Enquirer: 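Starting off with a structure, shown below.
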Number of protein chains: 2
Amino acid sequence: MSDGTGRGQNLLFLTDEQLRQGSEAMFFAYRGFTADPDRILADLSYGRAHHRAIHFIHRSEGTTVNNLLAILGVTKQSLNRVLRTLIDDGLVESKVGTKDKRERHLFLTEKGAKLEQELSSSQRQRMRKAFRDAGPEAVHGFRQVLESMMDDDLRSLYKSIKDFE
Amino acid sequence: MSDGTGRGQNLLFLTDEQLRQGSEAMFFAYRGFTADPDRILADLSYGRAHHRAIHFIHRSEGTTVNNLLAILGVTKQSLNRVLRTLIDDGLVESKVGTKDKRERHLFLTEKGAKLEQELSSSQRQRMRKAFRDAGPEAVHGFRQVLESMMDDDLRSLYKSIKDFE
DNA sequence: TAGGATAAGTCAGCGTTGTTGACATTCCAA
DNA sequence: TTGGAATGTCAACAACGCTGACTTATCCTA
């Protein structure tokens, strides 16, 4: 795993203070990251769980409940509650699988797609500003560190859906 | 704010796909970020709120309740519930202010400091690995992007406590 | 010194979102 | 045809946000 530059980055000395600042940066930044969608969701008496479900149904149209469970990392009971309200409210459609009829394939309705747009565009706006302010090299580093911070199984999941399109 | 390189980084074109990948990286990385402390906390029937309180009391020993409220961004009722259990369990000590007797100054007990160490060291371990794997330039970019992503008031707060020591 | 402001704590109630456990239904595949 | 997988549902519970109302103690200022 040597980087071959001779700068010894694998031996990089990191103080507890530097690492603590990294943790706090994550904490405060995540607050900002979720702030804009949270405001929109509050008016609809939805929460982040609804947002996450909507996001991943949009990005993987027709995904199954089981697949969604793996991505979101929650119990089926927890997801089911969220999914049921979204279906009842006419934002998500659940279609029985054709090949395997046990499976349910999830889709956003027009109404659901509209909310997804609203949520993601508010979040993208902040992300775009942050990316532009920090510059391309910083963005590259940002993504490198985040990837390294993931659990192994989540990283493979992330990478597998990252280049889906 | 021109970077002077002539590459026009302020006009950086960012596709929705790139921004979405940034969002998803934040989502999956934050899961990893909290995973290790979460496991420790679960055994003690504590949650993330307890961790956050312990963290910021440790880093700003003797802080007041009001100050902690501002940092954590929750209501006084919500913090009070967490603080009460921590005090009852002998992890946190609350001392009446000497200058202003209305204030309560918060300290970790020996027991509290021990748990703090356990929590922060598990989180630091992951952060250290991520920082080393990604390298110093990446770490710099990581922090730049996270800072840009914060709300203005949280960024000033973050910066003000960042260089406290 | 009286009265308003501030810091903290408390009670009651509610909502979202996570958990476990138990159980029914449907359907595919060996 | 039977076992297991996928799904859905019910109940109960816990963590942790929230609002609103209220008390107590203290401080500061007019």
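None of these values were measured; they are calculated from a predicted model. Chain identifiers are assigned alphabetically (A, B, ...) following the order of the sequence lines, protein sequences preceding nucleic acid strands; residue numbering begins at 1 within each chain.
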Enquirer: Considering only side-chain heavy atoms of B/Arg84, which listed nucleotide, D/dT7, C/dA7, C/dT10, is closest?
Expert: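 The nucleotide sitting nearest to the side chain is C/dT10.
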
Enquirer: Among C/dC11, C/dT20, C/dA8, which nucleotide has an atom closest to any side-chain atom of B/Arg104?
Expert: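 Of the candidates, C/dA8 comes closest.
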
Enquirer: Quick one: on DNA chain C, does A/Ser45 or B/Leu83 contact a more 5' nucleotide (nearest heavy atom)?
Expert: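 Between the two, 5'-proximity favours B/Leu83.
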
Enquirer: Kindly assign one of parallel, tilted or perpendicular to the pair B/Phe27 and A/Phe56, based on the angle between their ring planes and the thresholds 30° and 60°.
Expert: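 It falls in the tilted class, 30° to 60°.
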
Enquirer: Would you say that more than 12 heavy atoms from the other residues, nucleotides or ligands in this model lie under 6.0 Å from the CD of A/Glu61, or not?
Expert: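 Buried by this count: over 12 neighbours within 6.0 Å.
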
Enquirer: Measuring from the side chain of A/Thr75 (C-beta onward, heavy atoms only), which nucleotide among D/dG8, C/dT17, C/dT20 has the closest atom?
Expert: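 For A/Thr75, the side-chain atoms sit closest to C/dT20.
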
Enquirer: What does B/Arg48 touch in the nucleic acid at a heavy-atom separation under 4.0 angstrom: a base, only the sugar-phosphate, or nothing?
Expert: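 Since only primed, P, OP1 and OP2 atoms lie under 4.0 Å of B/Arg48, the category is sugar-phosphate.
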
Enquirer: Quick check on B/Gln77: does its CD atom have over 12 non-hydrogen neighbours (other residues, nucleotides or ligands) under 6.0 Å away?
Expert: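 Atom CD in B/Gln77 is packed in, count exceeds 12.
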
Enquirer: When you get a sec, tell me which of D/dG8, C/dA8, D/dA6 is the closest nucleotide to the side chain of A/Ser94?
Expert: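 So the side chain of A/Ser94 is nearest to D/dG8.
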
Enquirer: What residue among A/Glu17, A/Gln21, A/Glu24 forms side chain to side chain donor-acceptor pair (under 3.5 Å) with B/Arg59?
Expert: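 The passing option is A/Glu24.
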
Enquirer: Rounded to the Å, how far apart are A/His105 NE2 and D/dG8 C1'?
Expert: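 So the two atoms are 16 Å apart, to the nearest Å.
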
Enquirer: What nucleotide, of C/dA8, D/dC16, C/dG18, holds the atom closest to the side chain of B/Val65?
Expert: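 Of C/dA8, D/dC16, C/dG18, C/dA8 is nearest to the side chain of B/Val65.
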
Enquirer: Do other residues, nucleotides or ligands put more than 12 heavy atoms under 6.0 Å from the NE2 atom of B/His140?
Expert: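 Atom NE2 in B/His140 is not packed in, count stays at 12 or less.
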
Enquirer: Which of the following nucleotides, D/dG20, C/dT19, D/dT9, is nearest to the side chain of B/Gln77?
Expert: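 Nucleotide nearest to B/Gln77's side chain: D/dG20.
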
Enquirer: Which part of the nucleic acid, if any, lies within reach of A/Arg81 when heavy atoms closer than 4.0 Å are counted: base, sugar-phosphate only, or nothing?
Expert: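 Result for A/Arg81 = base.
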
Enquirer: Can you tell me the distance, in whole Å, between the CG atom of A/Asn80 and the P atom of C/dT25?
Expert: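 Roughly 17 Å, once rounded to whole Å.
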
Enquirer: Can you pull every protein N or O that's under 3.5 Å from an N or O on nucleotides 27-30 of chain D?
Expert:
residue, atom, partner, partner atom, Å
D/dC27, OP1, B/Lys101, N, 2.8

Enquirer: What is the distance, rounded to the nearest whole Å, between atom CG of B/Asn67 and atom C1' of C/dT6?
Expert: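 About 15 Å, once rounded to whole Å.
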
Enquirer: Walk me through it: do B/Arg84 and B/Ile87 pass the test side chain to side chain contact (heavy atoms under 4.5 Å, CB included)?
Expert: CA-CA 5 Å; B/Arg84 201 166 49 230; B/Ile87 291 171; 5.8 Å; no

